[in-house]
Every structure is written in structure tokens, then in C-alpha cells.
J.: 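One structure follows; several queries about it will come next.
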Amino acid sequence: MVIRPRIRGFVCITAHPVGCAAHIQEQIDYVKRHGAITGGPKNVLVIGASTGYGLSSRITAAFGCGAKTLGVFYERPSEEDRPATPGWYNSIAFTNAARAAGLYAANLNGDAFTDDLKRQAIDIIRRDMGPIDLVVYSLASPRRIHPRTGAVHKSALKPVGCVYSNKTVDTDLGIVSDVTIDPASEQEIADTIAVMGGEDWEWWMQALDEAKLLAPGATATAYSYIGPEVTWPIYKNGTIGLAKNDLERAAKRIDALLKVNGYGRAFVSVNKALVTQASSAIPVVPLYISILYKLMKAKGTHEGCIEQIQRLFAKQLYNGSALNFDDGGRVRIDELEMAPDIQAGIAPIWQQVNTANLETLTDIAGYRAEFLKLFGFGLPGVDYTADVEPHIPMP
Ligand code: NAI
């Protein structure tokens with residue numbers, strides 16, 4: 001099958017297995033170039049391990065720290081005439097590369113919110129790995145079937161308590177327009193917290209604790225975003241922001257659990273806005289990212305997921321370093337995005353940007369290239385005219 005990108009709105013419905021493998025290799029090479037990370041974890045569980053920040057966390061744990069990894073994700077394998085999702089191919093490429101380097105790597109493809117998947121993870125950890133010393137919780141999901149009540153919760157990306165109007169961009173068509181989003185209902189707020197909040201992270205940690213599979217001094221982290229005021233109505237003060245507050249609530253409880261168990265720690269890390277499948281679905285944010293990339297690339301401070309996470313591990317978590325907490329008890333790795341000169345540069349471009357000047361005022365080209373890369377397209381050295389085998393089983 002010759003696989004080409006087929007973009008529908010903010011998703012690409014095809015993925016290229018060879019391109020995805022090249023994307024994984026780029027990230028592995030980056031981590032290796034930056035050297036071994038000392039004092040790192042030995043046994044790592046990554047929940048949401050197949051794309052974005054979770055994937056970079058898994059790659060850094062394995063190739064920076066030499067850790068055994070169990071990756072949990074929810075991806076669709078190939079169908080008769082349809083390639084698999086990129087996370088499927090990413091996880092295959094990661095697993096092959098890890099095993100070739102003599103590193104243990106196991107995968108669980110299924111719904112992380114279920115009790116059954118947690119039980120399967122515990123069985124693998126007990127059988128093959130031993131107590132976990134790092135849990136990375138990096139899920140981004142549109143819905144959750146609650147395992148206790150059976151209720152289906154769908155997350156809504158909406159403002160809270162106000163109507164929000166701002167510019168947004170259709171990244172595929174390059175059209176800048178105004179979008180108006182009505183405030184979320186109480187139900188939508190509760191649903192978003194149920195999907196993207198901290199309850200499930202707590203349950204994962206409790207399950208590991210009850211199974212006596214948390215190593216003394218274990219670390220648990222989940223990722224969040226704050227960003228600038230222009231995005232606050234839709235992010236920080238919106239439904240997703242309330243869910244992130246709940247994640248911080250969970251972090252405090254998990255931190256207490258880990259302290260009882262021997263000086264462990266749990267925290268939320270605030271990361272940079274980046275092109276991922278999750279962020280491309282949020283209105284307004286892709287336009288902000290396109291402007292941000294332009295300014296950060298010009299200043300030489302641009303980072304992607306792997307740069308962010310390698311830095312978190314090497315400069316804050318391990319290597320004899322210390323975590324850099326803000327006043328709210330969150331770890332920050334978004335300081336280059338939030339630098340005053342970068343943020344001061346956003347507002348004037350935001351005011352001027354329209355469909356006609358989008359290409360010159362913003363890095364929409366960089367946004368599109370990064371977006372395609374998520375699906376394995378546009379990687380150097382990959383022959384996209386060649387026939388490729390889309391049906392690849394998980395090793
Ligand atoms: P992503 O969409 O690239 O990755 C989501 C992961 O969750 C994938 O591995 C997917 O398979 C997995 N997943 C989704 N539903 C699942 C389920 N029911 N069971 C098992 N696995 C499931 O997302 P991204 O952007 O890497 O986000 C990860 C975390 O980082 C999120 O909490 C997000 O809010 C946060 N974050 C993202 C930022 C961004 O700009 N992309 C910025 C700062 C934080």
C-alpha cells in the first residue's frame with residue numbers, strides 16, 4: 001500500500017509506518033546524544049505512552065535511563081484497507097528499538113480507565129519488571145466510561161461562565177476566522193473533569209500500592225498546561241483547566257501516599273504548548289502555537305516533546321538535580337514559552353493576523369510540518385512513493 005496523508009479537519013486519518021519509525025528514531029537519537037541520565041528510574045509505567053508527551057517520556061526513560069518500560073495506550077491496529085493509528089506504529093518502532101538495545105519493553109493496548117487493564121498491567125509488572133519507580137500519567141482522551149458507574153463521560157473544550165470569542169485557524173485550509181464558544185453546562189464541566197481530571201491517576205496509583213508494586217522513593221507525574229492569558233478562557237479557566245485543577249488535587253493525594261511508602265513524590269509538570277493530536281483539537285490553541293513557534297524559533301528556544309521531557313528528566317528529576325516548583329507546587333518546564341519577551345511578541349501578531357498574512361506572520365508552515373510528522377509524514381529519508389506493509393502486529 002502507498003500511504004499518503006488524508007487530513008480531515010484536525011485529524012489525519014492515515015499514518016505511515018516507516019515514517020513513524022523514523023520519527024521514533026529521531027527522538028531516540030536526540031536522547032542518546034544528550035547522554036546517560038544518572039540516578040534514573042529502573043522500572044517505568046507510562047499511561048498514554050504511544051504519542052506526544054507520554055511517548056517522549058517512555059523514550060527518555062528507556063534510552064536516557066536504561067529503564068524497563070510498560071507502555072499503556074489505546075490505538076487502532078490496521079484494518080483491511082486502512083493503516084493503523086500512528087500510536088500503533090510508534091509503539092511497534094519503540095519496542096523493536098528498545099529490545100534491539102537490550103531493554104525490556106511491554107505494551108498494553110486497551111482502555112486505561114478500566115479495572116481490567118489495570119489488573120493486566122499489574123500482572124505484567126509483577127511477572128517481568130518488579131516495583132515501579134516512575135509512573136507517567138499522560139492520557140489525553142475524548143471520553144471515559146466510568147468503571148464504577150458505567151456512565152459515559154465526554155470531555156468538552158469550552159469556557160466556563162462566559163461566552164468566549166477569539167480568532168482561530170483552520171490549519172489545513174489556512175483560514176483565520178472568529179470563533180464563538182458558548183459556556184459549558186454543569187454537566188459538561190463534570191464530564192470533562194471525569195475524563196481529564198485526576199481520579200483515574202489516583203486509582204492507578206492505589207492499584208499499584210495495593211499490589212505492593214511501588215518502589216520506595218517512587219515518582220509519579222502527570223502533565224498540564226497553563227499558557228498565556230489569550231488562551232485562558234478556553235484552557236486554564238475553561239473546562240480543561242478545571243480538570244487540570246483536579247489533576248493537581250490528585251497529585252497532592254498521591255504525593256501523600258508515596259510519602260507514607262518511603263519518601264516518594266508526585267507532582268504535575270506544566271509543559272509547553274506543542275502540536276500533538278490532543279492540542280490540535282482545541283479551538284484557538286493552534287493559532288497561538290503557530291505564532292509561538294515563529295517567535296521561539298527566531299530566538300532559538302523552540303523545543304518539541306522530546307526536548308521538553310529529556311530536559312525534565314536530566315535537569316530536574318534525576319542527574320542529582322532538584323525539582324523546580326512554582327508557588328502552586330507545580331513543576332515548570334514551560335519557562336521558555338512564558339519568557340516575557342516571547343509573550344510580549346504574541347499580542348501584536350495576534351491582533352494583526354488574518355488569512356492573507358498567516359503564512360508570513362506565523363509559523364503555520366512549521367505547524368503543518370509538525371502535524372504531518374505526528375502521522376509519520378515528511379520525515380527525511382523515507383520514500384513516500386514506495387509500497388509499505390500497513391499490517392504490522394504489536395511485538
Ligand atoms: P496525545 O494525544 O499525543 O497522547 C495521548 C495518549 O493517551 C496516547 O498514547 C493515547 O493512546 C492515550 N490514550 C487516550 N485514551 C486512552 C485510553 N482510554 N486508554 C489508554 N490510553 C489512552 O496527547 P498529548 O498532547 O501528549 O497529551 C498528554 C498530556 O499532556 C495531557 O494530559 C495533556 O493535557 C498534557 N499537555 C499537553 C500539551 C500540548 O500542548 N500538547 C501541553 C501541556 C500538557
Side-chain angles (χ1 to χ4, degrees), residues 10-12 15 23 45-59 70-77 84-91 94 107-114 116-118 120-121 136-147 152-155 157 192 194-198 200-201 204 221-227 231 235-236 238-241 243-248 250-251 268-282 284-286 288-289 292-293 303-306 308-309 312 330-334 337-338 367 370-371 373-375:
F10 54 77
V11 290
C12 178
H23 194 196
L45 169 64
V46 182
I47 303 153
S50 54
T51 56
Y53 275 116
L55 172 64
S56 295
S57 306
R58 188 178 195 188
I59 292 173
L70 170 59
V72 173
F73 44 82
Y74 207 4
E75 302 292 342
R76 182 183 50 72
T85 51
W88 180 266
Y89 295 134
N90 288 341
S91 300
F94 169 84
N107 301 297
L108 269 177
N109 186 41
D111 186 354
F113 295 130
T114 61
D116 182 50
L117 204 95
K118 292 179 179 70
Q120 289 182 50
V136 176
Y137 189 83
S138 188
L139 280 195
S141 178
R143 61 182 223 135
R144 172 181 178 208
I145 301 173
H146 198 280
V152 180
H153 301 284
K154 290 187 180 157
S155 65
L157 298 164
T192 309
V195 180
M196 290 298 285
D200 183 60
W201 183 24
W204 271 98
T221 185
Y223 299 139
S224 183
Y225 181 66
I226 293 180
T231 62
Y235 203 101
K236 177 175 168 290
T239 46
I240 181 75
K244 293 298 183 185
N245 292 348
D246 188 65
L247 203 62
E248 290 183 26
V268 164
S269 170
V270 180
N271 300 357
K272 180 191 179 194
L274 284 175
V275 184
T276 65
Q277 290 182 74
S279 69
S280 60
I282 309 176
V284 182
V285 167
Y288 167 71
I289 291 180
L292 180 73
Y293 277 26
E303 295 178 308
C305 288
I306 197 67
Q308 280 266 291
I309 299 298
L312 174 66
R330 299 168 289 239
V331 165
R332 304 298 290 258
I333 53 170
D334 63 340
E337 168 181 356
M338 299 313 291
Y367 184 101
E370 278 300 308
F371 180 77
K373 235 173 143 178
L374 300 177
F375 300 87

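Atoms within a ligand are numbered from 1 in the order they appear, just like the ligands themselves.
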J.: Rounded to the nearest 0.5 Å, what separation is found between the CG atom of Asp111 and the CG atom of Asp116?
T.: 10.0 Å
J.: Which residue holds the protein heavy atom closest to atom 15 (N) of ligand 1, what is that atom called, and what is the gap in Å?
T.: Ser141 CB, 3.4 Å
J.: Considering the heavy atoms of Ala49, write down every atom of ligand 1 situated less than 4.0 Å from one of them.
T.: 9 (O)
J.: Quick test: of every protein heavy atom, which one is nearest to atom 30 (O) of ligand 1, and how far off is it to 0.1 Å?
T.: Tyr223 CB, 3.5 Å
J.: Taking N or O atoms only and a 3.5 Å limit, does Ser224 qualify as a polar contact for ligand 1?
T.: no
J.: Among all protein non-hydrogen atoms, which one is nearest to atom 11 (O) of ligand 1, and what is the separation to 0.1 Å?
T.: Glu75 OE2, 2.8 Å
J.: For atom 19 (N) of ligand 1, which protein heavy atom lies nearest, and how many Å away is it?
T.: Ala112 N, 2.8 Å
J.: Counting heavy atoms only, name the option from Ala140, Pro86, Ser50 that's nearest to atom 14 (C) of ligand 1.
T.: Ala140
J.: Quick check: closest heavy atoms across His153 and Ala194, and the distance to 0.1 Å?
T.: CG-CB, 3.6 Å
J.: With atoms numbered from 1 as shown, which atoms in ligand 1 lie under 4.0 angstrom from a non-hydrogen atom of Asn271?
T.: 43 (C)
J.: To check you understand the geometry: which heavy-atom pair defines the closest contact between Tyr288 and Ala273, and what is its length?
T.: CE2-CB, 4.1 Å
J.: Looking at Val46, Val72, Ile47, Leu45, which one forms a side-chain contact (heavy atoms from CB on, under 4.5 Å) with Tyr137?
T.: Ile47
J.: Quick check: closest heavy atoms across Ser138 and Gly54, and the distance to 0.1 Å?
T.: OG-N, 3.2 Å
J.: What are the two closest non-hydrogen atoms of Leu274 and Ser279, and how far apart are they?
T.: O-OG, 2.5 Å
J.: Could you list which atoms of ligand 1 come closer than 4.0 Å to a heavy atom of Phe113?
T.: 18 (N)
J.: If only side-chain N and O atoms count, and only distance matters, is there a donor-acceptor pair under 3.5 Å linking Asn271 with Ser269?
T.: yes
J.: Say whether Arg143 and ligand 1 are in contact under the criterion: heavy-atom distance to a ligand atom below 4.0 Å.
T.: no
J.: Ignoring hydrogens, just give me the one of Gly227, Ala281, Gly71, Gly110 whose non-hydrogen atom is nearest atom 20 (C) of ligand 1.
T.: Gly110
J.: So if I count the atoms of ligand 1 from 1 in the order they appear, which ones are less than 4.0 Å from some heavy atom of Leu139?
T.: 7 (O), 12 (C), 13 (N), 16 (C), 20 (C), 21 (N), 22 (C), 31 (C), 32 (O)
J.: Do Tyr225 and Thr231 get their side chains close enough for a donor-acceptor pair, meaning under 3.5 Å?
T.: no
J.: Hey, does Trp88 sit under 4.0 Å from ligand 1 if you only count heavy atoms?
T.: no
J.: Check if Pro142 has a non-hydrogen atom at a distance under 4.0 Å from any atom of ligand 1.
T.: no
J.: Would you say Leu274 has any N or O atom under 3.5 Å from an N or O of ligand 1, going by distance alone?
T.: yes
J.: I need the contact type for Thr276 against ligand 1. Using non-hydrogen atoms and a strict under-4.0 Å cut-off, is it side chain, backbone, both or neither?
T.: side chain
J.: Using 0.5 Å steps for rounding, measure from the CZ atom of Phe73 to the OG atom of Ser91.
T.: 3.5 Å
J.: As an exercise, state the distance from CG of Leu55 to CZ of Phe94, rounded to the nearest 0.5 Å.
T.: 8.0 Å
J.: State, to 0.1 Å, how close Leu108 and Leu117 come at their nearest heavy-atom pair, and which atoms those are.
T.: CD1-O, 3.9 Å
J.: Is the shortest distance from a heavy atom of Ser138 to ligand 1 less than 4.0 Å?
T.: yes
J.: Counting heavy atoms only, which part of Tyr235 comes closer than 4.0 Å to ligand 1: side chain, backbone, both or neither?
T.: side chain
J.: Would you find more than 12 non-hydrogen atoms of other residues, nucleotides or ligands less than 6.0 Å from Arg76 atom CZ?
T.: yes
J.: Quick one: nearest non-hydrogen protein atom to atom 26 (O) of ligand 1, plus distance?
T.: Tyr53 N, 2.8 Å
J.: Nearest protein heavy atom to atom 3 (O) of ligand 1, by residue and atom, and its distance?
T.: Thr51 OG1, 2.8 Å
J.: Which residue supplies the protein heavy atom nearest to atom 16 (C) of ligand 1, what is that atom called, and how far is it?
T.: Tyr74 CB, 3.6 Å
J.: May I ask you to list the atoms of ligand 1 that are less than 4.0 angstrom from any heavy atom of Asp111?
T.: 17 (C), 18 (N), 19 (N)
J.: Pull out every atom of ligand 1 sitting under 4.0 Å from any heavy atom of Gly52, numbered as shown with elements.
T.: 3 (O), 26 (O)
J.: Checking a contact table here: which protein heavy atom is nearest atom 42 (C) of ligand 1, and how many Å away?
T.: Lys272 O, 3.2 Å
J.: Which ligand 1 atoms are under 4.0 Å away from a heavy-atom of Ala273?
T.: 40 (O)
J.: Could you list which atoms of ligand 1 come closer than 4.0 Å to a heavy atom of Lys244?
T.: 31 (C), 32 (O), 33 (C), 34 (O)
J.: Applying side chain to side chain donor-acceptor pair (under 3.5 Å) between Glu75 and each of Thr85, Asn109, Thr51, report the one that passes.
T.: Thr85
J.: Is Ile59 close to Ile306 at the side-chain level, that is, under 4.5 Å between some pair of heavy atoms?
T.: yes
J.: If I compare all heavy atoms of Lys272 with all of Glu303, which pair ends up nearest, and what's the gap?
T.: NZ-O, 2.8 Å
